[in-house]
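Sequence positions, counted from 1, serve as the residue numbers for this chain.
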Amino acid sequence: MNQPRRPDPQPLKTNDTRTFLVGTGLWAIALVVLLIIRPVHTWSIWTCVVGIGLGLFGVYYVHRRDARRH
C-alpha cells in the first residue's frame with residue numbers, strides 16, 4: 001500500500017457529435033421498421049420517438065459544449 005500512485009491516463013479524443021448522430025440514426029431506422037410492421041402496442045413507437053428526441057438534444061448539447069470550450 002505504500003507504492004506511489006501511477007498518473008492518470010490522458011483522456012481519449014472522441015467525436016461525440018458523430019456518436020449521437022449514429023445513435024439517432026439507428027433510432028430513426030427502428031422507427032421506420034416499426035411503422036412498416038405496425039406493432040400491436042404503440043409504446044415501442046414512442047420509445048423510438050423519444051430516442052430520436054434525446055439524440056437530437058445530445059447533438060445540440062455537445063455542439064454547445066464544444067463551442068464554449070474554444
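Atom CZ of Arg68 is surrounded by 12 or fewer heavy atoms from other residues, nucleotides or ligands within 6.0 Å.
The heavy-atom pair separating Pro39 from Leu34 by the smallest distance is CD-O, 3.1 Å. Shown here for Thr24 and Gly55, the closest heavy-atom pair between the two residues is OG1-CA, 3.1 Å. Nearest approach of Ile52 to Ala28, heavy atoms of both residues: CD1-CA, 3.6 Å.
No continuous path of hydrophobic side-chain contacts links Phe57 to Leu26 [ILVMFWY only; heavy atoms under 4.5 Å]. Clustering ILVMFWY residues whenever any of their side-chain heavy atoms sit less than 4.5 angstrom apart, transitively, puts Trp27 in a cluster other than the one holding Leu54. Under the 4.5 Å side-chain heavy-atom criterion for Ile, Leu, Val, Met, Phe, Trp and Tyr, Val49 and Ile37 are members of the same hydrophobic cluster. Follow the hydrophobic side-chain contacts under 4.5 Å out from Val50 and you never reach Trp43; the two are in separate clusters. Both Trp46 and Leu31 sit in one connected hydrophobic cluster of ILVMFWY residues. Membership requires side-chain heavy atoms under 4.5 Å apart, directly or through other members.
The only member of Leu21, Thr19, Asp16 that meets side chain to side chain contact (heavy atoms under 4.5 Å, CB included) when paired with Val59 is Leu21.
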